[in-house]
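Note: hydrogens, waters and symmetry copies are ignored here, and every other heavy atom, side chains too, is used. Everything quoted here is computed from the prediction, not taken from an experiment.
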Amino acid sequence: GYAVDEIMRLRSLSDTTVIAHLVKLAEDGHPVVLEALISEKARREIIKALAELGVGKNEPMKPIYEFLDEQYSYNEIRVAMAIREKSLLI
């Protein structure tokens, strides 16, 4: 597959749009390795925050963003939420 930056360039899309599409594809069962889109540290800290806040898949991301002191992007939060959701379904 292509890197996010390459998809952005080829399709004239923003990083947010590309990430949203990849997350949706993964949720629909396509073989997208979401873990490749986020660092292990970011994934762990965001998933921990999700658990502490009791936040589910379709909740607004702003409270998480603020809880984490704006340390991680909305894209990172979106990816971590999808990874967490996928792991809950297994």
Side-chain angles (χ1 to χ4, degrees):
Y2 294 101
V4 171
D5 290 346
E6 195 167 356
I7 296 169
M8 289 170 48
R9 184 181 57 74
L10 291 170
R11 301 285 183 197
S12 298
L13 298 171
S14 71
D15 62 335
T16 300
T17 300
V18 172
I19 296 294
H21 288 177
L22 291 171
V23 166
K24 177 71 172 126
L25 286 168
E27 289 172 347
D28 289 346
H30 295 275
V32 178
V33 182
L34 295 175
E35 292 80 2
L37 302 174
I38 187 171
S39 74
E40 177 71 19
K41 178 181 183 269
R43 184 184 61 78
R44 273 188 277 115
E45 289 186 13
I46 295 167
I47 289 175
K48 180 180 175 194
L50 295 172
E52 288 178 27
L53 293 170
V55 174
K57 175 184 167 191
N58 295 316
E59 305 275 340
M61 288 186 281
K62 187 170 184 173
I64 304 155
Y65 180 72
E66 291 173 345
F67 181 81
L68 293 166
D69 296 322
E70 303 176 4
Q71 191 172 293
Y72 298 105
S73 71
Y74 283 99
N75 284 337
E76 289 171 306
I77 294 168
R78 182 176 289 112
V79 169
M81 289 174 89
I83 291 169
R84 177 176 178 247
E85 188 68 23
K86 184 174 74 171
S87 72
L88 294 174
L89 297 174
I90 295 174

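Within the 4.5 Å cutoff, the side chain of Glu35 has heavy atoms near those of the Lys86 side chain. Within the 4.5 Å cutoff, side-chain heavy atoms of Tyr72 are placed close to those of Lys41. Side-chain contact between Ile64 and Met81: present, with at least one pair of heavy atoms (C-beta onward) separated by less than 4.5 Å. Residues Met61 and Arg78 are in side-chain contact: their nearest non-hydrogen atoms beyond the backbone lie under 4.5 Å apart.
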Would Leu22 and Val4 count as a side chain to side chain contact (heavy atoms under 4.5 Å, CB included) if you check the C-alpha gap in whole Å, the side-chain angles of each, and the deciding distance to 0.1 Å?
-> CA-CA 9 Å; Leu22 291 171; Val4 171; 4.1 Å; yes

For salt bridge (charged side-chain N to carboxylate O under 4.0 Å, His left out), just list the numbers for Arg9 and Asp5, CA-CA rounded to whole Å, side-chain angles, deciding distance to a tenth of an Å, and then say yes or no.
-> CA-CA 6 Å; Arg9 184 181 57 74; Asp5 290 346; over 6 Å; no

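A distance of 9.0 Å separates OG1 in Thr17 from CG in Asn75, rounded to the nearest 0.5 Å. Here Ile77 contributes atom CD1 and Glu45 contributes atom CD; the two are 11.5 Å apart, rounded to the nearest 0.5 Å. Here CG of Leu53 is found 7.5 Å from CG of Leu68. Values are rounded to the nearest 0.5 Å. Atoms CG and CZ, on Leu34 and Arg43 in that order, are 11.0 Å from each other to the nearest 0.5 Å.
Between Ala82 and Glu27 the shortest heavy-atom distance is CB-OE2, 4.4 Å. Between Ser39 and Ala42, the shortest heavy-atom distance links the atoms OG-N, 3.0 Å.
Under the 4.5 Å side-chain heavy-atom criterion for Ile, Leu, Val, Met, Phe, Trp and Tyr, Leu10 and Ile19 are members of the same hydrophobic cluster.
The ring-ring contact (aromatic ring centres under 6.0 Å, His included) check on Tyr65 picks up Tyr74, with sequence neighbours excluded.
Applying the salt bridge (charged side-chain N to carboxylate O under 4.0 Å, His left out) test to pairs two or more places apart or on separate chains, those with a residue in residues 59-71 are Lys62-Glu66.
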